[in-house]
Amino acid sequence: MLIKNIHDWEIPESQATPEHVFLNRRKFMAGLGAGALSIGAGAMGINPLFAAESKDPTMDLYPAKRNMAYKLDRPVTEEELNLTFNNFFEFGSSKRISEEAQKLKTRPWEVKIDGEVEKEITIGIDDLIRKVGIEERLYRHRCVEAWSMTVPWSGFAFSKLVELAKPKSSAKFIRMETFVDPDVASAQKPSVFPWSSQSKWPYVEGVTIEEARNDLAFLVTGAYGKPVAKQMGAPLRLALPWKFGFKSIKSIVRFTFTDKRPISFWEELQPREYGFWANVNPKVPHPRWSQATERVLGTGNRVPTLLYNGYGDQVAGLYKDMKLRPEVLFR
Ligand SMILES: Nc1nc2c(c(=O)[nH]1)N[C@H]1C(S)=C(S)[C@@H](COP(=O)(O)O)O[C@H]1N2
Ligand SMILES: [Mo]
């Protein structure tokens with residue numbers, strides 16, 4: 001008899017620890033005082049999960065001016081929740097990686113732009129941020145695990161990076177990569193998880209050039225009016241609110257312009273479940289659960305999921321000429 005081995009990353013969100021349970025656990029632990037968490041920062045009354053950010057060289061740019069064109073239909077998710085409920089598999093397969101992620105060193109941080117471009121560029125994150133400038137946008141986020149959140153991101157339109165890159169006409173896709181450093185990100189060590197040997201770090205994601213040029217595609221440098229926290233993908237992370245959350249790659253070090261469709265980290269691991277397009281569609285179920293509704297983090301509410309996560313006006317045009325079957329287009 002074949003017994004299917006269910007790995008951590010295959011457990012639907014509905015079976016994982018609900019966020020309020022471990023939020024309360026965190027508050028309980030904070031109540032005990034001291035502990036490794038509060039070294040230094042705790043004494044100053046700063047949440048230790050923000051501590052590194054206070055030294056951020058772009059601090060003076062925050063809070064960035066809000067772009068009012070991007071509106072929400074629900075309240076912003078509590079910051080504490082977004083800081084303590086994360087998917088960042090480099091640091092572990094649970095949602096509670098925020099403390100582990102503080103090991104990530106986000107300066108100096110270089111971003112490489114290469115491939116089918118006029119000239120390859122390597123640029124420091126602070127130079128990049130000052131060159132393009134930042135604004136604030138309120139976005140929804142829908143994880144493929146059927147939970148959602150809303151975030152006040154700061155950052156810049158992906159189109160600005162495309163402009164800077166000067167792609168050749170042969171460039172059709174952009175492949176993005178997260179850092180690799182097993183000394184910092186322990187889950188990148190072979191054999192930490194049963195699936196580590198199958199997974200090929202770095203975390204990779206990809207988009208078409210047209211998707212990257214769409215106004216909604218946003219490169220995140222901040223959240224909640226300050227530089228983005230490490231566990232949320234500092235110092236540079238993507239936000240593609242019409243696609244499932246796994247497309248929104250964190251801690252990016254490289255953008256490669258290419259004529260070939262990139263194969264993402266998840267697609268390589270499980271192509272049936274995590275495809276290239278990954279546009280949010282309530283009518284196409286995940287092979288192991290429905291995508292019709294979502295749990296809104298921090299509220300206890302379950303609400304209907306919307307096509308393109310409610311952003312159809314801005315993005316449906318990108319896909320109108322595609323002759324793909326819905327399950328291919330959306331998965
Ligand atoms: N490098 C990297 N980026 C990543 C992930 C990851 O594991 N590694 N997880 C993705 C998933 S599945 C989601 S839902 C979001 C979660 O972002 P959050 O932790 O800020 O909520 O990040 C995405 N980006
Ligand atoms: Mo996700």
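Quick note: residue numbers are just sequence positions, from 1. These figures come from a predicted structure and were not determined experimentally. We count ligands from 1, going down the list as the structure has it; atoms in each ligand are counted the same way.
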State which residues pass side chain to side chain donor-acceptor pair (under 3.5 Å) with Arg213; sequence neighbours excluded, sorted by chain then number.
none

Taking only residues two or more places apart in sequence or in another chain, which ones pass salt bridge (charged side-chain N to carboxylate O under 4.0 Å, His left out) with Glu116?
none

The protein residues that pass the under-4.0 Å heavy-atom test against ligand 1 are Asn86, Asn87, Phe88, Phe89, Glu90, His141, Cys143, Trp147, Met149, Thr178, Tyr203, Met232, Arg237, Gly245, Phe246, Ser248, Ile249, Lys250

Given Tyr308, which partner from the list Tyr319, Phe244, Trp277 fulfils the ring pair (Phe, Tyr, Trp, His ring centres under 6.0 Å) test?
Tyr319

Going by salt bridge (charged side-chain N to carboxylate O under 4.0 Å, His left out), name the residues that satisfy it together with Lys166, two or more places apart in sequence or in a different chain.
none

If you apply the rule ring pair (Phe, Tyr, Trp, His ring centres under 6.0 Å), what do you find for Phe179 with Tyr203, and how did you get there?
CA-CA 8 Å; Phe179 71 89; Tyr203 196 99; over 10 Å; no

Whether Trp289 and His286 hold their rings parallel, tilted or perpendicular, with breakpoints at 30° and 60°:
parallel

